Amino acid sequence: MIFEKLVSRIKVPDDSIAKAAQEKIDFLTKPKGSLGRLEDLALKISVIQKSLNPKIERKQLIVFA
């Protein structure tokens with residue numbers, strides 16, 4: 001029951017902002033694509049938050065070896 005309730009709250013991201021977010025990332029002061037996967041992550045976060053200036057409030061870093 002709880003699982004179904006949580007799953008029902010998940011929405012498909014609206015990628016209408018994706019083009020503008022990608023352009024913003026591409027025109028930062030760096031070679032285009034130079035940050036690799038970090039740029040992909042930034043784009044996904046922008047789309048999920050529907051913002052060209054996404055924020056991550058509680059940052060965490062997990063390292064596996």
Side-chain angles (χ1 to χ4, degrees):
M1 186 74 172
I2 294 172
F3 179 74
E4 289 84 9
K5 186 176 180 181
L6 289 173
V7 169
S8 70
R9 294 176 54 195
I10 298 173
K11 295 179 176 64
V12 176
D14 176 10
D15 65 350
S16 61
I17 196 170
K19 182 178 179 186
Q22 186 65 59
E23 288 176 358
K24 180 177 180 180
I25 292 167
D26 289 345
F27 289 103
L28 294 173
T29 308
K30 61 166 187 55
K32 186 176 179 181
S34 64
L35 299 178
R37 302 263 334 247
L38 188 57
E39 291 184 23
D40 297 337
L41 182 59
L43 179 61
K44 287 178 183 180
I45 293 170
S46 290
V47 170
I48 290 168
Q49 293 186 9
K50 297 180 186 176
S51 172
L52 295 178
N53 299 302
K55 295 182 178 18
I56 299 177
E57 304 265 332
R58 297 180 352 195
K59 301 164 195 76
Q60 295 183 9
L61 176 65
I62 301 171
V63 178
F64 291 90

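What you are looking at is a predicted structure, and each value in this text was computed from that prediction instead of being measured.
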side-chain hydrogen bond (donor to acceptor under 3.5 Å, both in side chains) contacts in which one or both residues fall within residues 25-35, not counting sequence neighbours: Gln22-Asp26, Lys30-Glu39
Minimum heavy-atom distance Val47-Asp15, with the two atoms named: CG1-CA, 3.9 Å
With Leu6 via side chain to side chain contact (heavy atoms under 4.5 Å, CB included) - residues at least two apart: Ile2, Arg9
Pairs where residues 42-65 contributes a residue and the test side-chain hydrogen bond (donor to acceptor under 3.5 Å, both in side chains) is met, not counting sequence neighbours: Lys24-Asn53
Separation of Ile17 CD1 from Leu43 CG (nearest 0.5 Å): 9.5 Å
Connected via hydrophobic side-chain network under 4.5 Å: Leu52 and Leu28: no
